[in-house]
Structure formats: structure tokens, C-alpha cells
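Here the structure comes first, spelled out in C-alpha cells, and everything after it is commentary.
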2 protein chains.
Amino acid sequence: MNAQFKKGVLDLCVLAQLAKGDKYGYELTETISQEMTVATGTLYLLLRRLNEEGYFETYLVETPGGPARKYYRLTPKGLAYTQSLKDEWITFIDQVNRLIR
Amino acid sequence: MNAQFKKGVLDLCVLAQLAKGDKYGYELTETISQEMTVATGTLYLLLRRLNEEGYFETYLVETPGGPARKYYRLTPKGLAYTQSLKDEWITFIDQVNRLIR
DNA sequence: ACTATCTATGTTGTTTTACAATATACTATT
DNA sequence: AATAGTATATTGTAAAACAACATAGATAGT
């Protein structure tokens, strides 16, 4: 069992969003905030950490108004990690449900 | 949303077990270990914390062989907290599922 | 008699993660 | 001129889980 799941579901949420297509940080903050409260700083910290672990590639895109957007693209390693995290999440839910029902 | 859920599902597992009936620490360790890995020290730390917050009453029971068992009994406050945590857990699963599917 | 194992409770120090607060910077609106 | 929105990022703090260790009585094996 992955110990990180007890406190690391956000990783999965971000990775699963990126599996749908490249996104920039602020965009991820907005999307995830629709479902749960998350501090903006938390997302950037998480993105930096996962980036350092080789799950992302990044690229900058200029915008006419406002600062440039930093897009995150999943690497093959990142995609594989996303799938394994998703599987572990499903398993984890079952384990918890067996204990609490 | 409860921020503790991202890292506090163990609380719910322990409380839900106690909602079924009084149990002692080692017994909880055994039961929860059937579903997920958990360090013995973690359980006792968690029990002490929840006890200090008024969710338990405790009592000792002598055993013919081995040290006495410390039983934990949910207080009304603890039972109410268990139910609210359970509700929040169900909600949380839905929120995550919307983000990852 | 000694050793290991099981039952049972508990503490200490470390790591991880999320949060709050703060900082920067450009644009558009009032 | 001030505020709000878009966008990225850092710092310090708190919570929770872990690993390792400590204690202790009973039992079983060698």
C-alpha cells in the first residue's frame, strides 16, 4: 500500500487532469478548486516536486494580457505513474470501505 | 471540506471500528492491518490524540496472560464525530472521482 | 535455564505534505 | 489612483504517519 495516499490524493488529481491534456498552474488551481479547497501555494509546490521527479515537461506560452503561462506536459513516466496511482486509489477506497461499513 | 481527510483517513477507520463496539489498541492494530499497512506506534499516537479531544473513554481489563488491555469506548461526541467524518469521506470520494475520471 | 515469540502499550525523532501568508508583475476596470 | 483578476512562486508552520526503540508479562521450544 502507498503511504502517500493517506495525504497525497492531490497528486493524483493533478496528474489525472494532465492526462487529459496539457495545463498551466493557475488553470489546475481553478479546476481543482471546483471540487475541493486548495491553497494556490500548495499546487505550485506540488507541481515543482512532481516536476523534479521527472513526471512533467514544461513550456512557456506568452499571453497578450498578463504574465506567461507555464504549461505542464506528462512524460511517459508521468503517465505510467498516473495510472498506477489511480489503481492504488481504487484499491484504497475498497480497503477503507471494508473498515468503516 | 475537511483538510484532514487528505491525510486523516486512519482516524475514520479507527472511529468506525469503535462504533461497532469497544476495542483495545492492539486489537485495532490487528484489524486495520488486515486492510492496510500501519505502524503500531501510529495507532497509539492517534488514539492518544483522539482521547485528548474527548472522543473516547478508556478502561483497563486484566488478562490472565500478558499485560492489561486498555479498551476505548466512544463518547456521544465521538459517535457524532464518526458519523460526520463518514459523511465527509463519501463526499470526498465523489469529488476526487470527478477530477480523475 | 536460556531464547524467541506473542501479546500489549507507549515514546522519540524524522519526513512528508498541506496551509497561511506573502511577494512579484502585468492588465483591465472603476 | 485604486482595486480586481490573471499568473507564478517562496517561506515558515502545523499535522500526521513512519521507523525505531523501549518496556513487560506469558508461553513455547531447545
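Chain A is the first sequence line, chain B the second, and so forth, proteins listed ahead of strands; every chain is numbered from 1. When reading the values below, keep in mind they use all heavy atoms of this one structure, side chains included, and skip hydrogens, waters and symmetry mates.
Between the side chain of A:Thr63 and the main chain of A:Arg69, no donor-acceptor pair closer than 3.5 Å is present. With hydrogens and angles disregarded, a donor-acceptor distance shorter than 3.5 Å links the side chain of B:Lys86 to the backbone of A:Ile100.
Comparing B:Thr42 and A:Thr42 against DNA chain C, the residue whose closest nucleotide sits nearer the 5' end is B:Thr42.
What separates CD of B:Glu62 from P of D:dG25 is a distance of 12 Å, to the nearest Å. Going from atom CG of B:Leu47 over to atom P of D:dA17 covers 12 Å, rounded to whole Å. Rounded to an integer number of Å, the gap from CD1 of A:Ile32 to C1' of C:dC19 is 15 Å. Between the CG atom of A:Asn51 and the P atom of D:dT10 there is a distance of 12 Å, rounded to whole Å. The separation between B:Leu46 atom CG and D:dC18 atom C1' is 13 Å, rounded to whole Å. Atom-to-atom, CG of A:Leu45 to P of D:dT11 comes out at 10 Å; the value is rounded to the nearest Å. If you take CG of A:Leu43 and C1' of C:dA20, they are 15 Å apart, rounded to a whole angstrom. As a whole-Å value, the separation of A:Tyr59 OH from D:dT8 C1' is 16 Å.
In this structure A:Asn97 satisfies the side chain to side chain donor-acceptor pair (under 3.5 Å) test with no other residue, sequence neighbours excluded. Not counting sequence neighbours, the partners of B:Glu57 by the side chain to side chain donor-acceptor pair (under 3.5 Å) test are B:Arg73. Partners of B:Tyr71 according to the ring-ring contact (aromatic ring centres under 6.0 Å, His included) rule, which considers only residues two or more places apart in sequence or in another chain, are B:Tyr24, B:Tyr59. Qualifying side chain to side chain donor-acceptor pair (under 3.5 Å) partners for A:Gln83, counting only residues two or more places apart in sequence or in other chains: A:Asp87. Residues satisfying the side-chain contact (heavy atoms from CB on, under 4.5 Å) criterion with A:Thr40, sequence neighbours excluded, are A:Thr29.
A sub-4.0 Å separation between OP1 or OP2 of D:dA9 and a side-chain N or O of A:Arg49 is absent.
Listed by first then second residue, pairs satisfying side chain to side chain donor-acceptor pair (under 3.5 Å) with a partner in residues 42-52 of chain B read B:Asp11-B:Arg49, not counting sequence neighbours. Counting only residues at least two apart or in different chains, salt bridge (Lys or Arg N to Asp or Glu O under 4.0 Å) contacts with residues 36-46 of chain B are absent.
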Every protein N/O within reach of nucleotides 5-10 of chain C N/O, cut-off under 3.5 Å:
{"from": "C:dT7", "atom 1": "OP2", "to": "B:Tyr26", "atom 2": "OH", "distance (Å)": "3.2"}
{"from": "C:dA8", "atom 1": "OP1", "to": "B:Arg69", "atom 2": "NE", "distance (Å)": "2.3"}
{"from": "C:dA8", "atom 1": "OP1", "to": "B:Arg69", "atom 2": "NH2", "distance (Å)": "2.4"}
{"from": "C:dA8", "atom 1": "OP2", "to": "B:Tyr24", "atom 2": "OH", "distance (Å)": "2.9"}
{"from": "C:dT9", "atom 1": "OP1", "to": "B:Lys70", "atom 2": "N", "distance (Å)": "2.8"}
{"from": "C:dT9", "atom 1": "OP2", "to": "B:Gly25", "atom 2": "N", "distance (Å)": "3.4"}
{"from": "C:dT9", "atom 1": "OP2", "to": "B:Tyr26", "atom 2": "N", "distance (Å)": "2.4"}
{"from": "C:dT9", "atom 1": "OP2", "to": "B:Tyr44", "atom 2": "OH", "distance (Å)": "2.8"}
{"from": "C:dT9", "atom 1": "O5'", "to": "B:Tyr44", "atom 2": "OH", "distance (Å)": "3.4"}
{"from": "C:dG10", "atom 1": "OP1", "to": "B:Lys70", "atom 2": "NZ", "distance (Å)": "2.8"}

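Between the two ends of the helix from C:dA1-D:dT30 to C:dT30-D:dA1, each summarised by a five-pair axis, the helix axis turns through 0° (rounded to 10 degrees).
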